[in-house]
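Scroll down for the structure; my scribbles are underneath it.
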Amino acid sequence: MAMSSTEATKRKRGFDPSTFLATIGEGRRTLAVPKKQPIFTQGDRADDVFYIQTGKVRLTVVSKTGREATIGILNEGSFFGEGALAGQVLRMGSAAAMTDCELLRIDKQAMMGALHREHAFSDMFVAYLLARNIRYEEDLVDQLFNSSEKRLARVLLLLAHFGKEGKPEAVVPKISQETLAEMVGTTRSRVSFFMNRFRKLGFIHYNGGLQVHSSLLNVVLHD
């Protein structure tokens with residue numbers, strides 16, 4: 001897969017958003033969030049934006065009937081909670097630390113001021129939002145037209161950041177099949193069936209974490 005929009009912008013402009021955000025005075029602070037601890041909860045007031053310096057964050061939503069769905073797993077260099085900048089009053093979903101995380105929490109007004117003052121930061125942030133929007137559109141198409149097996153393969157490849165320097169990476173520490181099922185939109189039993197099938201075919205293996213191989217692309221590309 002291609003380099004992320006954040007990485008591409010940093011390389012092109014020599015601009016490091018983490019360093020820049022750390023220079024914002026009032027209105028930002030660093031948070032250390034332990035693994036499995038909530039960052040914010042659906043229905044909380046939306047008055048700040050978060051930037052992941054280290055760690056992984058899980059985004060979820062809960063329906064009126066109590067059904068929870070995982071809508072994203074974010075890594076270092078990602079923003080979340082940006083709905084606050086678009087007039088969102090209450091959080092539409094929840095965020096929790098999947099690993100020990102170090103975050104920058106930026107007040108809404110401080111973030112708006114930084115976007116107005118620093119054009120390189122504004123360009124990078126817009127590029128990030130556009131890339132996120134494209135990902136959501138791809139997720140919707142994937143959900144509408146692809147089989148659950150293809151959807152699982154795509155989720156694994158995305159989580160593994162496959163294509164980055166051509167090397168497979170551990171997906172996430174101890175990601176559960178329940179979480180994968182939520183992201184794919186299927187049952188845990190189906191995820192278990194496909195994961196066993198992928199392992200037997202040599203597409204994935206377990207070695208200190210789940211490892212994904214390029215051959216898994218065959219599942220996504222096969223008609």
Side-chain angles (χ1 to χ4, degrees), residues 4-10 15-64 67-140 155 158-159 161 172 175 179 182-183:
S4 71
S5 59
T6 302
E7 292 171 331
T9 304
K10 284 169 63 175
F15 180 80
D16 183 352
S18 183
T19 300
F20 170 71
L21 290 169
T23 66
I24 297 177
E26 295 182 1
R28 66 93 187 163
R29 63 192 179 101
T30 301
L31 296 178
V33 183
K35 180 180 178 180
K36 295 186 178 180
Q37 291 300 304
I39 300 164
F40 58 72
T41 302
Q42 189 169 325
D44 287 351
R45 285 193 58 82
D47 49 15
D48 38 35
V49 180
F50 294 84
Y51 179 80
I52 305 174
Q53 293 185 302
T54 61
K56 296 179 184 291
V57 170
R58 179 186 177 194
L59 304 180
T60 60
V61 294
V62 178
S63 71
K64 292 181 179 180
R67 181 181 177 186
E68 184 180 69
T70 298
I71 59 174
I73 292 177
L74 305 180
N75 302 284
E76 177 181 335
S78 297
F79 292 91
F80 62 99
E82 66 273 9
L85 303 178
Q88 189 181 96
V89 178
L90 301 177
R91 300 292 186 191
M92 297 183 67
S94 301
M98 290 194 71
T99 64
D100 291 340
C101 291
E102 185 171 307
L103 310 173
L104 277 177
R105 181 177 184 172
I106 308 109
D107 177 80
K108 173 182 175 180
Q109 296 304 320
M111 186 71 172
M112 293 293 289
L115 290 170
H116 284 298
R117 289 193 311 272
E118 180 61 53
H119 294 302
F121 177 59
S122 180
D123 289 348
M124 183 278 299
F125 188 68
V126 169
Y128 176 82
L129 294 182
L130 290 172
R132 176 83 70 84
N133 186 64
I134 290 170
R135 166 70 188 277
Y136 285 154
E137 290 181 351
E138 290 173 345
D139 288 347
L140 178 59
V155 165
L158 287 170
L159 290 176
H161 297 284
V172 287
I175 186 168
T179 297
E182 290 172 6
M183 298 180 73

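All of these numbers come straight from a predicted model, not from anything done at the bench.
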Hey, what do you get for [atom1] ([X]) to [atom2] ([Y]), rounding to the nearest 0.5 Å?
{"X": "Met112", "Y": "Ser122", "atom1": "CE", "atom2": "OG", "value": "9.5 Å"}
{"X": "Leu103", "Y": "Arg28", "atom1": "CG", "atom2": "CZ", "value": "13.0 Å"}
{"X": "Asp123", "Y": "Leu115", "atom1": "CG", "atom2": "CG", "value": "10.5 Å"}
{"X": "Thr179", "Y": "Met98", "atom1": "OG1", "atom2": "CE", "value": "6.0 Å"}
{"X": "Ile134", "Y": "Asp139", "atom1": "CD1", "atom2": "CG", "value": "12.0 Å"}
{"X": "Ile39", "Y": "Arg58", "atom1": "CD1", "atom2": "CZ", "value": "12.0 Å"}

Heavy-atom closest contact ([X] atom, [Y] atom, distance):
{"X": "Met183", "Y": "Leu159", "result": "CE-CD2, 4.2 Å"}
{"X": "Asp47", "Y": "Ala84", "result": "N-CB, 4.2 Å"}
{"X": "Leu59", "Y": "Leu74", "result": "CD1-CD1, 3.7 Å"}

Would you please classify the geometry between the Tyr128 ring and the Phe79 ring as parallel, tilted or perpendicular, with 30° and 60° separating the classes?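 It falls in the perpendicular class, over 60°.
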Partners passing side chain to side chain donor-acceptor pair (under 3.5 Å) against Arg91 (at least two apart in sequence or in another chain): Asp48
Could you walk me through whether Glu102 and Leu31 pass the side chain to side chain contact (heavy atoms under 4.5 Å, CB included) check? CA-CA 6 Å; Glu102 185 171 307; Leu31 296 178; over 6 Å; no
Among Thr60, Ile71, Val61, whose side chain to side chain contact (heavy atoms under 4.5 Å, CB included) with Ser94 holds?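 Single pass found, and it is Thr60.
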